[in-house]
Every structure is written in C-alpha cells, then in structure tokens.
Amino acid sequence: MVGQRVRTRFAPSPTGYLHVGGLRTALYNYLFAKKMNGDFIIRIEDTDQTRRVEGAQKDLIKTLEWAGIIADESPEHGGNFGPYVQSERLDIYDRYCRQLLEDNHAYYCFATHEELEENRQLQIKQGLQPKYNRKWLPEELGGSMPPSVIKKKLDEGDPYVIRMKVPDYVSVWFEDIIRGPVEFDSSTIDDQVLMKSDGFPTYHFASVIDDHLMEFTHIIRGEEWLSSMPKHLLLYEFFGWEPPKVAHLPLLLNPDRSKLSKRQGDVAVEDYIRKGYSSDAIINFVAMLGWNEGEGSEQEVYSMEQLIDKFSLERVGKAGAVFNVDKLNWLEKQYIKNRPTEQLVEVIKPILQAELEQKKSLMPEEVITSDTYLEKVIELMRERVGFEHEFVTFSSYFYFEPETYDDEAVRKRWAVDTNALLREFTDILYTLEEFSADNIEAHLKEFVVPKGIKAAVLIHPLRILASGVSFGPSLYHMLEVLGKETVIRRILTGIEKISVPV
Ligand code: GLU
C-alpha cells in the first residue's frame with residue numbers, strides 16, 4: 001500500500017433519503033481523499049433488494065453534488081473499477097464465494113428461518129448470546145454434517161445460504177485510525193452468511209470483495225460498522241489480501257445525548273435543503289460533527305477548500321458528536337453576512353424571478369429588476385435574514401406595492417393630523433434633487449424641529465406606508481433604495497386607504 005494513490009469511498013444503500021450521518025461519512029471520505037490528492041468514489045450497495053427504493057440512487061448522488069461532493073468515479077459518471085452498483089456485480093461475488101467453498105472457508109447451510117429462530121430463542125433463554133449453532137458445518141470443516149447429506153440437499157435443489165467458517169479460538173486485532181487498537185475474540189463472531197438464498201451476497205461479503213477489487217486504501221465509515229470489522233478481516237485473510245486502513249466515525253447525538261433520531265428533528269439532508277439552508281453552511285456544520293482543527297484555532301467558518309486543506313482523520317474524536325441545529329442556524333447567518341454581494345445576487349435572482357413571475361399581476365409597471373437594484377436590497381437586508389430565500393420573502397416591498405398595512409401599527413402610530421403632516425412632508429420630498437438617505441433624514445429633521453414634534457411622529461408612518469410593515473432596515477436607506485417616485489406614490493396612495501382616527 002506504500003506509495004499507493006489514496007482511494008476512499010462512500011457506499012450508501014439506496015433506501016431513501018440521505019441521512020446527515022451519511023453526508024458526514026461522504027464528506028470525511030471526500031475531504032481525506034482530496035487532501036491526499038487521491039480519488040473519492042461512490043458505490044451503491046443494493047444487495048438488500050427488499051429495501052431498495054426506486055430513484056434513491058440518483059437522488060443521493062444529486063444531493064451530494066448539491067453539497068459540492070463530486071465523486072471521481074460513480075455509477076452516474078463511470079470509472080475504471082465499475083460497475084459501481086453491487087447488483088450489477090453478482091457474477092464477481094459468486095466467483096469469490098466458490099473459491100471460499102473450495103478452500104474450506106465457507107459452507108452450505110440449509111437451516112430454515114423457523115429452525116434458526118427456534119435456536120435463537122433457546123439460546124436467549126439459556127442466557128447465551130444468540131449465534132448460529134453450526135448444524136450444517138460439514139465434517140471436513142470440523143462439524144458433524146456428512147458430505148452425502150449436503151450433496152443430497154444440493155441435488156434436490158433445496159434453498160440454502162453460504163456461511164463463512166469463522167476459525168475457533170483466534171483473536172482478531174486491528175488498528176483503527178480514530179480508536180487505536182481494537183481486538184475481538186473469534187468465539188464471539190458468528191458464522192456470517194455470505195450468500196443469501198436469493199443469490200445475492202450480504203453486505204459484509206460484497207463490501208469486502210469490492211473494497212479490495214476497487215483498490216480502496218482507506219475505509220471511513222460510521223461507528224455502527226466497527227463490530228463488523230473482525231468478519232471482514234477474516235475474509236481478507238482467507239483471500240490473502242491486504243486490508244485497507246480503517247477509521248470509524250463517532251456517533252451523532254441529539255442535544256440530550258441520545259442517538260440522533262428523527263423524533264427529535266430532521267435527519268434527512270433533503271429536509272434542510274428544503275428549508276433553505278445553503279450547501280456551504282451545511283457542509284461547514286457537518287464537518288464539525290466530530291472533527292476540529294485543534295487547540296489554538298478559533299476558526300468556526302470554513303469553506304470546502306479550507307476544510308480540504310485542514311482536515312485530518314487524526315483530529316476526529318471518539319466521543320459522540322452533538323447535532324445542534326442552533327449552530328447550523330448561526331453558520332447560515334455568518335454565510336449570508338459575509339458572502340460577496342455578487343454571489344448572493346446569483347443565488348437570489350432565480351428565486352426572485354420565480355416570485356416576480358408568479359405575482360406578475362401585482363407588479364407596478366416600473367418595477368425594478370436590475371442586478372444593481374437587487375444588490376442594494378441585499379446590502380440593506382443582509383443582517384436581517386436567516387436564509388437566502390428570506391431575501392425574497394422579507395424584501396417583497398422592494399418589488400411590490402404594499403397591499404395591506406399593519407393594522408395594529410397604524411392604530412398606534414396615526415394621530416388626527418398625521419396624514420396632513422405626511423402630505424406636507426411629501427411636498428418637500430418632491431423638491432429633493434438628491435434622494436439619498438442623508439438628505440431625506442436632514443430634511444425630515446428640518447421639517448419636524450420648528451413644529452416642535454418628534455421625528456418618530458413621521459418615521460413610523462413613513463415606514464408603514466412605504467413597506468406595509470412596521471419593521472425593517474434603516475428607514476432612510478430603505479426610502480433611498482425604493483426611489484423618489486415610488487416613495488411619493490406609496491405615501492399618497494397609502495394615506496387615502498388609511499382611516500384616520502377621529
Ligand atoms: N452500505 C453501508 C451503509 O449503508 C456501507 C457501510 C460501509 O461503509 O462499509 O452504511
């Protein structure tokens with residue numbers, strides 16, 4: 001393996017959505033491969049045909065690509081080690097299974113489901129850990145089943161599975177990059193089924209064969225697979241293959257430190273995409289679930305390039321990582337705050353265009369849809385939104401005339417003379433040659449001071465008339481962006497609609 005090009009893989013089963021834990025596994029595999037100038041590969045593990053969901057494979061790859069995790073080889077894009085879908089590799093598994101049978105590392109087992117279940121219950125009753133009782137272990141492998149009985153069953157075409165023969169009394173040892181040395185006693189390992197009665201391999205068998213044939217140098221996956229390692233290592237030994245290096249990632253936890261579950265929040269990446277999180281924030285967030293750069297680093301916001309540069313498996317912790325959505329929301333806000341305006345324009349433009357198209361009938365003729373106008377809106381709203389799509393929802397008054405006015409605010413902010421004052425001030429606005437925030441502010445002050453009234457007397461009604469709502473960015477800047485004509489039109493049409501208290 002020395003000097004070999006690093007190859008890692010993400011090997012999901014196409015059973016539906018992409019779990020955030022799956023995204024983290026994919027990301028760590030990707031980061032590690034890229035950091036080492038190696039290749040990242042996607043392999044689809046669909047050997048459990050009962051759990052296969054139509055379309056899931058395409059969706060998984062699409063979601064990963066959305067996140068910026070682009071595979072060098074995959075079922076969609078091909079490569080030199082294909083096919084990358086296990087159900088298309090059945091002849092390969094069959095061949096290797098024959099070899100194990102010939103070498104006496106595997107055997108046929110004709111036990112029925114009922115028999116196995118009965119045996120399991122009995123062992124549980126006896127306080128033993130359930131394990132296959134080796135009834136079908138052939139005589140030549142140290143069992144008690146005569147070859148003639150096995151041959152007869154095969155000739156009769158009875159359904160069977162093929163099991164691996166786990167050697168007795170050996171210790172299986174390996175070094176996990178994250179966990180350090182791990183040891184298992186072979187007596188705790190079951191004679192794992194390698195081939196099922198439907199002719200499909202089990203996960204364990206197929207993944208070992210493929211990991212070897214596809215020349216992976218490092219296997220990075222969730223902690224739940226740690227206990228499978230001894231079975232896998234025995235298979236490598238049977239074939240005389242060198243096993244790849246392994247790293248098992250810590251569990252993801254709910255904030256109460258129980259195992260991350262759907263019951264306490266969304267676990268599908270697709271749910272977060274639907275809610276409007278950006279791929280940058282999600283990747284940043286998921287990267288930190290178990291990894292950190294190390295002492296002395298205060299950095300919390302990382303781009304994909306920075307993650308590739310800084311990532312190392314040695315800095316992945318063993319302890320469970322808490323999945324805290326507040327942290328994700330905070331990151332999302334950071335991205336919006338710091339993202340260059342031109343980039344935000346590119347993201348928001350299509351969302352805005354769809355909205356404008358939908359509300360076409362409500363649009364005044366002079367609606368401004370230029371990029372420069374959008375840039376100004378973004379600059380004003382940047383601090384006030386939590387998601388990119390909120391630029392459109394919270395900024396709708398920059399594009400559409402207010403249809404209604406916040407009733408409660410009107411009741412609170414309007415006095416008998418408010419409309420008259422607004423009319424008078426509008427006359428001043430007409431005269432302004434420079435419709436800038438500073439100039440509007442200066443003229444408003446100049447207007448209210450001699451009258452002995454507070455600026456707030458006009459500020460609030462102006463905001464409500466211009467936007468329909470009582471909150472938003474700095475009023476003067478908002479008026480500047482809306483522009484003189486729009487502001488005056490909105491004030492004058494608005495006051496007609498507002499009933500003044502008597
Ligand atoms: N197909 C397995 C899964 O769904 C892959 C486990 C592995 O990476 O070996 O997680």
Side-chain angles (χ1 to χ4, degrees), residues 6-33 38-53 56-61 63-64 69 71 73-75 81 83-90 93 164 174 176-179 182 184 192-194 196 200-236 241 243-252 259-262 267-270 286 289-290 313 316:
V6 164
R7 289 173 59 83
T8 65
R9 82 324 185 251
F10 177 51
S13 300
T15 55
Y17 59 86
L18 177 60
H19 192 281
V20 284
L23 178 62
R24 183 191 57 176
T25 303
L27 177 64
Y28 284 14
N29 274 287
Y30 175 77
L31 294 177
F32 180 71
D39 296 321
F40 167 73
I41 288 96
I42 295 176
R43 177 178 74 222
I44 297 293
E45 301 204 325
D46 62 345
T47 56
D48 187 348
Q49 291 285 300
T50 56
R51 293 180 60 223
R52 228 180 128 255
V53 171
Q57 172 185 320
K58 254 197 162 56
D59 291 349
L60 276 167
I61 295 179
T63 306
L64 290 173
I69 301 177
E73 298 161 31
S74 72
F81 294 81
Y84 294 92
V85 177
Q86 288 187 326
S87 59
E88 293 167 21
R89 303 172 61 83
L90 297 184
Y93 310 126
M164 70 189 278
F174 63 97
D176 188 285
I177 300 175
I178 296 170
R179 272 143 227 283
V182 185
F184 285 87
Q192 174 65 47
V193 173
L194 302 178
K196 297 179 281 186
F200 278 77
T202 54
Y203 151 73
H204 303 282
F205 190 51
S207 79
V208 165
I209 303 286
D210 289 347
D211 287 345
H212 172 73
L213 295 180
M214 295 180 178
E215 297 181 13
F216 293 118
T217 54
H218 296 76
I219 303 300
I220 304 166
R221 62 182 162 205
E223 185 180 287
E224 64 275 27
W225 301 106
L226 186 73
S227 57
S228 303
M229 268 307 285
K231 293 173 191 172
H232 298 187
L233 287 172
L234 286 171
L235 287 170
Y236 279 101
W241 295 338
K245 295 198 163 59
V246 292
H248 288 88
L249 307 176
L251 280 181
L252 295 186
K259 196 171 164 225
L260 185 68
S261 68
K262 247 193 224 169
V267 292
V269 178
E270 290 82 350
V286 166
L289 292 173
L313 285 170
V316 175

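Counting convention: from 1, in listed order, for ligands and their atoms alike.
- Between L260 and H19, some side-chain heavy-atom pair lies under the 4.5 Å cut-off.
- In summary, of the residues considered (D39, D211, D210), a side-chain hydrogen bond (donor to acceptor under 3.5 Å, both in side chains) with R9 occurs for D211 alone.
- With hydrogens left out, the protein atom closest to atom 1 (N) of ligand 1 is E45 OE1, 2.5 Å, a heavy atom.
- Heavy atoms from both the backbone and the side chain of S13 come within less than 4.0 Å of ligand 1.
- Counting the atoms of ligand 1 from 1 in the order shown, those under 4.0 Å from a heavy atom of R221 are 7 (C), 8 (O), 9 (O).
- Protein heavy atom nearest atom 9 (O) of ligand 1, with residue, atom name and distance: Y203 OH, 2.6 Å.
- F205 has its ring centre no less than 6.0 Å from the ring centre of H232.
- Panel note: side chain T8, backbone N29; a donor-acceptor pair is recorded below 3.5 Å.
- Taking distance alone, with nitrogen or oxygen atoms compared against 3.5 Å, R9 approaches ligand 1 more closely than that limit.
- Of the polar atoms of A11, at least one N or O is found under 3.5 Å from an N or O of ligand 1, judged by distance alone.
- The aromatic rings of W241 and H212 lie parallel to each other, with less than 30° between the two planes, well short of the 60° mark.
- Looking only at protein heavy atoms, the nearest one to atom 3 (C) of ligand 1 is W225 CZ2, 3.6 Å.
- S13 places none of its side-chain heavy atoms less than 4.5 Å from the side chain of D46.
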